[in-house]
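Heads up, the thing below is written out as structure tokens.
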Amino acid sequence: MAQRPSDTPEQQQIAEAILDVLHKVAGDVVGLSVRELRLQLRARKPDVTDHLIRSVLGQLLDEGKVEKRPSPERRGSFCFNLPGQGVSQMSLFDLQVSRDEIEREERDGLDLWQSDEDERERMTVSVMEGIARGHALEENYARLVHDIAPVIADENPVDLVLEIADWVVNDLNGLAENIRAAGVGAQSEIQRLTRELGFRRSKAESFFQRLWRLDRSIEDVRGILDIPTVQQVLSGSRIKFDKEAAKRHLQERIVGNKVIEIITAPENHHKAAVGTDASVGDVMVEHARGSFIPPTPATLFVSAGAMRVLDRENALSYWDYDLDPRELRRYRDLDAAVEGLLISPHLRREVITDFRHLRSAAMELRQYAEELRIVLQQSKWHPISGVPEIQHPPVITLLIRDGRIFPLVHRLDDYDGASAPDDILYGEVVRREIRTFQQVFHNTAGNGCLGAIYAGAVKSPEYSWLAMITFWYLHVRQRHQELADAFYRPPLNDQAVTHLLFWGLAKSKQEQVFNHERNTFVTFCALRRFSDIAFFPHPLPITDDRGKVIRTVQENRIEDWTDYIWQHISEANQRYYQHKRGIPALTTIDEYKPFLDLCHRAGVAMFYAAPTRMYRSTLNDRAHFFTPRWEIAVDLQMQDRRSEIDRRIAAFMSWLVEQGGLVPDESHAVGGFDEAAEGLPLFVPNVVMEAHRAVGYGRERHATDVQDELQRLVADIRAGRLGFITP
């Protein structure tokens with residue numbers, strides 16, 4: 001390499017070392033990441049830094065001596081290789097998208113996800129890394145949260161939410177009065193305050209009405225919390241709040257009498273636990289030579305389960321993979337798409353109108369199908385790492401999925417197919433997704449105390465509700481005036497706030513926290529219904545023949561849900577005949593039964609928890625980490641719902657509190673860094689981590705077979721030997 005005048009001897013040495021490393025591995029990999037290059041180079045130069053490597057790589061890229069390519073391991077990251085060298089980037093799953101990434105992609109269109117959550121995560125990582133590097137509570141936000149842990153932990157969460165609601169009502173009404181009182185010459189100030197009023201109103205609506213379901217009034221049916229529009233507020237309307245009705249409702253929606261409790265998990269009686277994961281990958285299928293059509297990817301969906309069996313003092317690991325490449329030949333391209341197995345290039349190019357949501361639904365369908373096989377004991381378990389074959393798998397009592405429990409695609413219009421009316425696949429895939437989820441729910445939480453515990457590990461929570469409560473507490477109860485708008489704009493996310501509160505409790509109550517090795521921190525639970533996310537806005541009206549609201553759906557009454565769906569069928573068909581809707585409703589109410597059952601019964605309890613023993617290293621070595629938001633599936637029609645939730649959480653934690661029950665996620669660090677090794681470690685259940693590995697292992701094991709089958713399928717479709725859609 002010719003040395004440029006600006007190159008230092010150290011840069012020249014690093015450049016030569018990088019080229020030498022790449023020359024040795026060029027034909028065996030797609031490329032090497034900065035982290036992998038650093039590991040290789042440190043054998044020669046121990047003090048080499050990422051900054052120096054990136055700087056030299058930039059020079060080599062400018063000179064055309066290396067190529068930068070998308071990393072096959074982590075979406076959005078890059079690797080480097082010699083020009084024209086390396087494994088083809090168009091092999092199976094080079095364009096892989098993990099389940100976690102798809103869940104994050106759906107933020108903009110679903111539920112409570114807010115556009116500012118990504119910024120909050122970036123702030124969180126910056127603050128927490130500052131603490132870790134400084135070995136002290138140097139960051140102001142973090143110190144404040146840490147220090148209030150002993151007092152906020154004992155607060156009653158229902159009372160807190162009610163007090164926050166009172167405060168928000170006064171805050172918004174007061175802000176509107178300030179706008180009305182502003183003089184004529186203060187136009188710019190009026191505009192600023194009006195924008196702020198709109199923002200705060202939106203956050204209040206999300207927190208109280210979409211999360212806690214303090215519903216508004218509708219016609220003559222009185223609600224709990226009425227928040228007028230900005231224009232209505234500025235015209236003199238005031239926010240109305242029925243505190244007694246809110247208290248009764250929140251006592252049903254909040255489980256736990258304290259913000260944080262320290263419980264002792266029972267002995268682990270699970271003979272086996274299973275984790276599941278799924279991913280999506282594009283396989284590039286080349287067209288015939290001379291074709292003017294560019295290569296079109298086929299999209300393949302895979303899921304896997306990993307089972308950990310406790311046999312005396314040993315833990316034996318097994319895996320189950322849902323795709324046998326030979327079985328692809330059984331499906332026509334339309335059938336394979338409807339089953340959520342494969343979307344052929346032909347269908348993706350000519351039929352799909354809402355591909356992002358279809359992809360999410362198909363991936364969820366594969367993961368739910370894997371879970372259904374597991375709970376029905378139909379899986380084919382293969383040993384990992386030379387453990388003995390298992391002839392009679394134990395009954396699964398704990399099933400933990402990577403990701404949220406509720407389907408990512410879940411609206412009634414999605415179930416009908418009305419949100420993609422030109423797409424003959426979309427509605428059918430969504431219906432299969434929801435039907436399969438309903439069967440998993442029925443065989444776990446829906447089976448009462450006999451059913452397996454069905455849990456979810458949400459690595460990147462979509463909405464920071466616990467942070468909103470904590471920063472309101474700092475501003476109002478602790479009188480930190482500088483945090484006047486921190487309820488609406490919490491600077492840290494829930495994962496950081498939870499960690500700081502647990503850390504603060506561990507420091508202030510060491511004797512209580514560490515008096516038993518099976519102790520665990522657990523926050524109160526927020527209950528959500530499937531119907532909360534299946535419909536918007538709430539409440540749901542039931543009308544008479546003239547369209548007048550006679551009552552709203554009482555969600556614990558199956559008769560009300562049946563009446564509402566009959567009403568939906570009638571209204572949807574009427575809009576269709578009036579050319580106001582693209583497709584009619586489904587033919588009979590029987591087709592809605594899985595959806596109805598979930599609206600009536602299915603719920604999740606959301607909470608944060610971590611074994612207290614993990615905080616010994618935080619106290620001693622400032623070893624900071626995050627855990628997911630946990631979810632437990634709940635049958636909302638159980639008689640003693642609270643006791644059953646407590647029992648399921650304790651049994652869930654009995655696995656996590658075991659040594660090795662939580663392990664670092666090898667592919668995910670909080671903070672969006674290029675390399676998973678950077679950022680703050682995220683600890684996930686061991687079976688979830690093994691399921692993630694199983695997806696990758698199965699993918700690699702079957703890669704060549706799948707590609708060969710795909711090429712044959714595409715050739716058959718082109719030749720007319722298989723069925724296809726005529727546009």
Side-chain angles (χ1 to χ4, degrees), residues 99 265-279 302-324 366-403 440 443-444 447 450-457 517-518 520 611 613-614 627-628 630 632 648 650-668 682-702:
R99 191 205 186 286
E267 290 300 313
N268 178 37
H269 296 298
H270 300 292
K271 298 287 186 183
V274 170
T276 66
D277 194 10
S279 65
V302 297
S303 64
M307 178 172 67
R308 198 169 182 86
V309 179
L310 301 182
D311 179 24
R312 296 186 179 88
E313 296 182 357
N314 299 317
L316 310 178
S317 296
Y318 300 86
W319 71 293
D320 178 62
Y321 190 62
D322 73 338
L323 179 67
D324 183 340
R366 296 315 315 153
Q367 192 167 354
Y368 288 136
E370 175 70 29
E371 291 165 356
L372 184 59
R373 282 201 310 277
I374 289 166
V375 296
L376 295 179
Q377 295 187 287
Q378 296 172 351
S379 301
K380 298 177 181 178
W381 294 110
H382 308 283
I384 298 176
S385 301
V387 303
E389 294 276 354
I390 189 164
Q391 300 299 322
H392 303 288
V395 174
I396 303 302
T397 55
L398 177 60
L399 175 61
I400 311 174
R401 76 188 330 254
D402 186 338
V440 176
N443 284 280
T444 53
N447 201 20
L450 301 177
I453 293 163
Y454 185 29
E517 281 300 306
R518 301 189 69 80
T520 180
R613 60 174 169 76
M614 297 179 70
T627 55
W630 307 113
I632 298 286
R648 287 179 176 266
F652 173 66
M653 295 308 299
S654 75
W655 182 275
L656 299 190
V657 81
E658 292 286 328
Q659 203 69 33
L662 285 169
V663 297
D665 186 339
E666 299 166 0
S667 62
H668 187 100
L682 177 70
F683 279 79
V684 298
N686 50 11
V687 288
V688 169
M689 193 65 244
E690 289 183 2
H692 181 77
R693 292 196 200 106
V695 167
Y697 174 70
R699 182 183 74 233
E700 296 302 323
R701 174 173 174 172
H702 293 311

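FYI, the numbering just counts along the sequence from 1. All figures in this text were calculated on a predicted structure; none of them were measured in a lab. As a basis for the values below, the full set of heavy atoms in this structure was taken, side chains included, without hydrogen atoms, waters or symmetry mates.
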Exercise: identify the closest heavy-atom pair between Y454 and R648: N-NH1, 4.3 Å
Kindly indicate, with the supporting measurements, whether the criterion side chain to side chain contact (heavy atoms under 4.5 Å, CB included) is fulfilled by V375 and I396. CA-CA 7 Å; V375 296; I396 303 302; 5.8 Å; no
Evaluate the side-chain proximity of W319 to S317: yes if any heavy-atom separation is below 4.5 Å, no if none is. no
What heavy-atom pair brings W381 and P393 nearest, and what distance separates the two atoms? CD1-CG, 3.8 Å
Rounded to the nearest 0.5 Å, what separation is found between the CG atom of L682 and the CG atom of L662? 9.5 Å
Going from OH on Y321 to NE2 on H382, what distance comes out if it is rounded to the nearest 0.5 angstrom? 11.0 Å
Flag side-chain contact, heavy atom, 4.5 Å: H270 against L310: no
Smallest heavy-atom separation, V663 atom then M689 atom, equals CG2-CB, 3.7 Å
Atom CD in Q659, atom CZ in R613: separation rounded to 0.5 Å? 4.5 Å
Among L399, L316, D320, I390, which residue satisfies the side chain to side chain contact (heavy atoms under 4.5 Å, CB included) criterion with M307? I390
Any side-chain heavy atom of E267 sitting closer than 4.5 Å to one from R518? yes
Any non-hydrogen side-chain atom of V687 less than 4.5 Å from a side-chain atom of W655? yes
Can you list the steps and then say if L656 with F683 is a side chain to side chain contact (heavy atoms under 4.5 Å, CB included)? CA-CA 10 Å; L656 299 190; F683 279 79; over 6 Å; no
What's the separation between atom CD1 in I374 and atom OG in S303, rounded to the nearest 0.5 Å? 8.0 Å
Regarding T276 and E370, do their side chains bring together a donor and an acceptor under 3.5 Å, going by distance alone? no
Euclidean distance, L450 CG relative to T397 OG1, rounded to 0.5 Å: 12.5 Å
Any non-hydrogen side-chain atom of R693 less than 4.5 Å from a side-chain atom of I384? no
On a heavy-atom basis, the closest approach of A691 and A306 is N-CB, 3.4 Å
Looking at D402, is its backbone amide N or carbonyl O close enough to the side chain of D277 to form a donor-acceptor pair, meaning the two atoms are under 3.5 Å apart? no
Minimum heavy-atom separation for T444 to V440, with atom names? OG1-O, 2.8 Å
For the residue pair P394 and A272, what are the closest heavy atoms and their distance? CG-CB, 3.6 Å
